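Heads up, the thing below is written out as structure tokens.
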Amino acid sequence: MEKNNVCAVIVSYNPEENIYKNMNTLKNIVDYVIIVDNGSSSINSLNSLKKIEFSIENCKIVYNNCNKGIAYALNQGCKLAIEKGFDWVLTLDDDSSVPENMVDVLLEKYEELNDNKIKILAPIITDFSGKNKNVKSMYIDTAITSGSLMKLDSFDKVGFFEEAYFIDMVDIEYCFRLKSNGYKIYQVAEAILYHRLGRQKSILKIGKREWKALNHNEIRKYYIYRNTFQMYKRYFFKYPIPLLLSTKGVLKIFIDTLVIEENKAIKVKMMIKGIFDGIFNRMGSLDQKEISR
């Protein structure tokens, strides 16, 4: 099947060396690849990007001089894809591994459904141990950025990713914005994406069971809670159940922080600050000085 004018957009930040291997596969799956590097400082990461730049055709790398946030970087890549005349954009993380048939399977399902309200086609997200999060083809409320195949005309319809969020919940907010404008997201069971589903650490063992937590630092916890509560302000009364289900992991983060993680005081402080900033629309990049206040 034709690739139907698909451009991949990858946001990288100190990517691991496997990005080069993933790119060698990806170049045969899509028509063009745009990598937006968000201020990587690792020499090894920058060397890997340069290797890609000089050895892989139909690839453009945009280097940001600092971390401008995931939404800003995604928008950079998607705007370039629009300028180049592509119809679809495949958004990926720098550690995602795309099987050779994934894009074709997504596009085949789109043609089969014949529903022009669908603006995102999502694969089943599978971690590298082979565990699936879901196994059904169906209309869904939200999809994560990595692996989503998006119609580029979506941005004409509802705007670009919300740059004020900086990081976290950027994809979830965009999905609810699509939903609130009458557009749809469809998950395709036959399409598989290999993706690291968070980097959980085993912190506490109870017999044979392990209590695992993502153990984000206080800055990430701030963004998670700020952006979640900003979304609640926008969408809760319209989509209460879908929104709660899409953000249920936030409750686990709170419990993990209180019960088993270290540095509880600063983390809880920043989570509470995030909640109030989200409610009172204090958005954008967090000033590092605010952490010590």
Side-chain angles (χ1 to χ4, degrees), residues 3-16 18-40 45 48-49 52-53 56-65 67-100 102-104 106-107 110 118-123 125 142-163 165-175 177-178 185 191 193-196:
K3 287 174 275 189
N4 205 35
N5 222 3
V6 178
C7 176
V9 169
I10 300 170
V11 176
S12 68
Y13 181 72
N14 290 326
E16 297 175 1
N18 65 353
I19 189 174
Y20 180 77
K21 178 182 177 182
N22 290 342
M23 276 294 306
N24 267 297
T25 302
L26 188 61
K27 71 180 182 181
N28 299 316
I29 298 171
V30 299
D31 298 293
Y32 197 82
V33 180
I34 297 168
I35 299 174
V36 181
D37 184 69
N38 234 353
S40 289
S45 296
S48 293
L49 292 173
I52 291 168
E53 195 170 15
I56 296 179
E57 296 181 358
N58 295 326
C59 175
K60 179 179 179 63
I61 301 182
V62 178
Y63 294 95
N64 290 331
N65 58 11
N67 188 347
K68 295 178 179 290
I70 186 72
Y72 184 95
L74 282 170
N75 287 343
Q76 280 181 292
C78 291
K79 287 173 183 177
L80 276 172
I82 291 170
E83 288 176 11
K84 291 181 178 294
F86 289 100
D87 297 323
W88 295 89
V89 63
L90 177 68
T91 53
L92 296 165
D93 291 346
D94 58 30
D95 62 351
S96 299
S97 179
V98 181
E100 291 185 4
M102 190 191 85
V103 172
D104 283 347
L106 292 172
L107 290 172
Y110 181 76
I118 295 173
K119 295 300 177 186
I120 296 178
L121 294 155
I125 304 298
T142 60
I144 68 170
T145 304
S146 192
S148 288
L149 185 64
M150 301 178 61
K151 284 286 281 182
L152 277 166
D153 67 3
S154 301
F155 299 112
D156 290 331
K157 309 293 186 186
V158 305
F160 286 87
F161 293 104
E162 182 57 76
E163 293 180 9
Y165 277 43
F166 193 75
I167 192 171
D168 288 308
M169 303 299 171
V170 171
D171 40 13
I172 305 301
E173 188 281 327
Y174 195 82
C175 290
R177 201 177 340 144
L178 283 173
I185 302 160
L193 176 76
Y194 295 102
H195 176 71
R196 189 178 285 116

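Index from 1, following the sequence. Model, not experiment: these values are computed from the prediction.
Of all non-hydrogen atoms in P123 and G147, the two that sit nearest each other are CD-O, 3.0 Å. In terms of heavy-atom proximity, I70 sits nearest to I167 at CG2-CA, 3.6 Å.
When the shell of 6.0 Å around NZ of K68 is examined, it contains more than 12 heavy atoms from other residues, nucleotides or ligands.
Partner L193 forms a side-chain contact (heavy atoms from CB on, under 4.5 Å) with one of L90, D93, L92 and no other, that one being L92. Applying the ring-ring contact (aromatic ring centres under 6.0 Å, His included) test between Y174 and each of F155, Y165, F160 identifies F155 as the sole match. Screening N38, L49, D95 for a side-chain contact (heavy atoms from CB on, under 4.5 Å) involving S12 leaves a single residue, L49.
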After noting the C-alpha distance and the side-chain angles of I34 and C7, does the key distance pass the side chain to side chain contact (heavy atoms under 4.5 Å, CB included) rule?
CA-CA 7 Å; I34 297 168; C7 176; 3.7 Å; yes
Could you please spell out the steps behind the side-chain hydrogen bond (donor to acceptor under 3.5 Å, both in side chains) verdict for T145 and D171?
CA-CA 6 Å; T145 304; D171 40 13; 3.2 Å; yes
Start with the C-alpha gap between S96 and S146, add the side-chain angles, then the distance that decides, and say whether side-chain hydrogen bond (donor to acceptor under 3.5 Å, both in side chains) holds.
CA-CA 7 Å; S96 299; S146 192; 2.4 Å; yes
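Here the side chains of W88 and L106 are not in contact, with every heavy-atom distance at 4.5 Å or above. Counting heavy atoms from C-beta outward, Q76 and V11 have side chains that stay 4.5 Å or more apart.
The distance from the CD1 atom of I56 to the CD1 atom of I35 is 7.5 Å, given to the nearest 0.5 Å. The NZ atom of K27 sits 11.5 Å away from atom CD1 of I29, with the distance rounded to the nearest 0.5 Å. From M23, atom CE reaches atom CD1 of I10 across 5.5 Å, with rounding to the nearest 0.5 Å. Atom CE of M150 and atom SG of C175 lie 7.5 Å apart (nearest 0.5 Å). In this structure, L178 CG and K157 NZ are separated by 11.5 Å, a value rounded to the nearest 0.5 Å. For the atom pair CD (E57) and OH (Y32), the distance works out to 11.0 Å, reported to the nearest 0.5 Å.
Side chain of N22 to backbone of V98: no donor-acceptor contact under 3.5 angstrom is found. Under the 3.5 Å distance criterion, the side-chain polar atoms of N5 are matched with a main-chain donor or acceptor of G85. The closest donor-acceptor contact from the side chain of S45 to the backbone of P15 lies under 3.5 Å. When atom types are taken as modelled, the side chain of N75 and the backbone of F161 share a donor-acceptor pair closer than 3.5 angstrom. Distance alone, capped at 3.5 Å, is enough to place a donor-acceptor pair between the D31 side chain and the V6 backbone. Although no hydrogens or angles enter the test, the distance criterion places no donor-acceptor pair under 3.5 Å between the side chain of D87 and the main chain of L152.
Residues satisfying the side chain to side chain donor-acceptor pair (under 3.5 Å) criterion with T91, sequence neighbours excluded, are absent altogether. Looking at residues two or more places apart in sequence or on another chain, you find no side chain to side chain donor-acceptor pair (under 3.5 Å) involving S48.
Salt-bridge check for E173 with R177: passed, with a basic side-chain N closer than 4.0 Å to an acidic carboxylate O.
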